[in-house]
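Heads up, the thing below is written out as structure tokens.
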Amino acid sequence: MTTIAFIGLGNMGAPMAANLVKAGHATRGFDLVESACAAAAKSGVAIAKSGAEALEGADVVVTMLPAGKHVLSAWSELAPRAAKGALLIDSSTIDVESSRKAHALAKELGLLSLDAPVSGGVGGASAGTLTFMCGGDEAAFAAAKPVLENMGKRVVHCGGAGAGQAAKICNNMLLGATMIATCEAFALGEKLGLSHQSLFDVVSTSSGQSWSTTSYCPVPGPVPAAPSNSGYKPGFASALMLKDLKLAQEAAISVGATTPMGALAAQLYAMHNAGGEGGADFSAIIQLLRGKL
Ligand code: NAD
């Protein structure tokens, strides 16, 4: 049994912390929002009055927060109070630069640290089937792996500090672009008189195949579990896709990478969000491409 402090009990953090409880870890949680704490308490997370209180006696600290500034603020407060040899894990999706700053903070204090953003969404967080993309040194990865395995089914070591965040934004930039291309193909198929099922049957077994078609088809019918069958309720919200595409663009600019498809995907998701659709699933962007927004 490990004593774990879990900071940020939102849509992702609460079910992740619940899986740590299920695995038998003493899990103390904290969130600024009372209703988030109350929901997590129902699954056995012991609620602390502050991040510092959650941290007392913890071997591992996990943060699951909205953005880089929240993570840096939480780590600045918590790292100096952490027990000697403690491990800090950040599973939020944040910019690579902030992630590296957080690692540096931990290193100065002799703590182990890992960036470990996730793929799999709220469904994966609840089912304990997340993929963790990890950045940090070998010792931090080795210490974190058994803990992360209680919340996910794949834990990949991508490299040094910030490498997990780098892998996450590369993946999600690719996902944003393939989803848009998939939506374009289905919207064109509709105008050409193709049924959704016939186009799916061809694409899913042909060279245009991708996860966006086979697991998350943006039109109702072919993939029953996809959000397109339930009014585009997320799933993965368009606002979160926009966040990740912006992070990818910031990162691309910072290293001088050429990412025109990623830039266009960011623009299209910005339009989708500006049209009031940020809360819809990201596959709902098909409406924009049909000219129906
Ligand atoms: P969320 O907004 O539901 O949860 C974040 C929580 O952090 C909130 O409850 C907020 O009150 C809390 N918080 C903020 N500052 C805090 C502080 N200083 N101390 C304690 N609590 C604090 O967001 P989420 O959907 O759970 O996402 C969390 C992270 O995971 C984000 O970085 C997001 O990009 C990433 N992510 C989300 C999904 C998804 O499908 N929701 C998928 C993959 C990755």
Side-chain angles (χ1 to χ4, degrees), residues 5-19 27-41 45 47-55 58 61-79 81 88-96 98-99 102 115-134 148 151-152 154 162 164-165 167-173 175-176 179 216 227 232-248 250-251 269 273 278-284:
F6 205 109
I7 314 298
L9 301 167
N11 293 324
M12 294 291 289
M16 289 167 74
N19 281 326
T27 309
R28 278 201 302 267
F30 174 67
D31 194 290
L32 295 174
V33 174
E34 229 168 82
S35 56
C37 293
V45 177
I47 301 301
K49 288 193 190 70
S50 65
E53 188 183 296
L55 185 79
V61 181
V62 183
T63 46
M64 192 56 173
L65 300 168
K69 63 179 179 189
H70 306 99
V71 174
L72 280 175
S73 149
W75 280 40
S76 306
E77 182 201 346
L78 299 178
R81 299 165 192 252
L88 306 188
I89 302 173
D90 178 43
S91 281
S92 329
T93 302
I94 66 171
D95 59 289
V96 176
S98 296
S99 179
D115 54 293
V118 300
S119 171
V122 177
S126 301
T129 56
L130 294 169
T131 294
F132 286 89
M133 298 155 243
C134 305
L148 299 179
M151 300 181 280
R154 284 210 76 204
Q165 297 295 349
K168 165 86 188 176
I169 56 171
C170 288
N171 179 71
N172 279 23
M173 185 178 80
L175 172 63
M179 178 53 80
Y216 216 85
Y232 295 100
K233 190 171 161 283
F236 185 56
S238 180
L240 286 171
M241 175 51 84
L242 178 59
K243 172 193 167 180
D244 292 356
L245 289 168
K246 283 180 175 169
L247 289 176
E250 277 172 30
Y269 274 101
N273 277 254
D281 187 74
F282 80 113
S283 60

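For reference, positions follow the sequence shown, starting with 1. Numbering of ligands and ligand atoms starts at 1, following listing order. We use all heavy atoms of the structure for the numbers below, so side chains are in, but hydrogens, waters and symmetry mates are not.
Within ligand 1, counting atoms from 1 as listed, the ones closer than 4.0 Å to a heavy atom of L65 are 7 (O), 13 (N), 14 (C), 15 (N), 16 (C), 21 (N), 22 (C), 28 (C), 29 (C), 31 (C), 32 (O). Close contacts between ligand 1 and G121 involve ligand atoms 40 (O), 42 (C) [criterion: under 4.0 Å to a heavy atom]. Short contacts between ligand 1 and S92, defined as distances under 4.0 Å to a heavy atom of the residue, involve ligand atoms 32 (O). Short contacts between ligand 1 and V33, defined as distances under 4.0 Å to a heavy atom of the residue, involve ligand atoms 11 (O). Taking every non-hydrogen atom of N11 and a distance limit under 4.0 Å, the qualifying atoms of ligand 1 come out as 3 (O), 25 (O), 26 (O).
Residues A67 and I94 come closest through the heavy atom pair C-CG2, 3.5 Å.
Annotation: atom 4 (O) of ligand 1 to nearest protein heavy atom, G10 CA, 3.3 Å. Summary of contacts: the protein heavy atom closest to atom 8 (C) of ligand 1 is D31 OD2, 3.5 Å.
In this structure, CG on L240 lies 11.0 Å from CG on L245, to the nearest 0.5 angstrom. Of the inter-residue distances, the one linking I47 atom CD1 with E53 atom CD reads 10.5 Å to the nearest 0.5 angstrom. For the atom pair CH2 of W75 and CG of D90, the computed distance is 5.5 Å after rounding to the nearest 0.5 Å. In this structure, C134 SG and R154 CZ are separated by 11.0 Å, a value rounded to the nearest 0.5 Å. Between atom CE of residue M151 and atom CD1 of residue I89 there is a gap of 6.0 Å, rounded to the nearest 0.5 Å.
Contacts between P66 and ligand 1, counted as non-hydrogen atom pairs separated by less than 4.0 Å, involve both the backbone and the side chain. By the criterion of a heavy-atom distance under 4.0 Å, neither the backbone nor the side chain of I94 is placed next to ligand 1. Contact annotation: for A74 versus ligand 1, there are no heavy atoms closer than 4.0 Å. No part of K69 comes within 4.0 Å of ligand 1, judged by heavy-atom distances. When non-hydrogen atoms are compared, ligand 1 lies under 4.0 Å from the side chain of I7 (C-beta onward) but not from its backbone.
Considering backbone and side-chain N/O atoms, S91 never comes within less than 3.5 Å of an N/O atom of ligand 1. Checked against a 3.5 angstrom limit, the closest N/O atoms of K243 and ligand 1 fall inside it. Remark: ligand 1 and T93 share an N or O pair separated by less than 3.5 Å (distance only, no angle test).
Residue K168 places a heavy atom under 4.0 Å from ligand 1.
Between F282 and F236, the ring planes are perpendicular. Angles over 60° get that label, and only those under 30° would be called parallel.
Side-chain contact check for S283 versus M179: some heavy-atom pair is nearer than 4.5 Å. Residues M241 and L175 are in side-chain contact: their nearest non-hydrogen atoms beyond the backbone lie under 4.5 Å apart. Within the 4.5 Å cutoff, the side chain of T63 has no heavy atoms near those of the H70 side chain. Residues M16 and L130 are in side-chain contact: their nearest non-hydrogen atoms beyond the backbone lie under 4.5 Å apart.
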- Step by step, work out the side chain to side chain contact (heavy atoms under 4.5 Å, CB included) result for K233 and D281. CA-CA 6 Å; K233 190 171 161 283; D281 187 74; over 6 Å; no

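Taking each of L32, L240, D90 in turn, the one with a heavy atom nearest to atom 41 (N) of ligand 1 proves to be L240. In the candidate list M12, E77, M64, M12 is nearest to atom 42 (C) of ligand 1, counting heavy atoms.
Less than 4.0 angstrom separates atom 2 (O) of ligand 1 from none of the non-hydrogen atoms of the protein.
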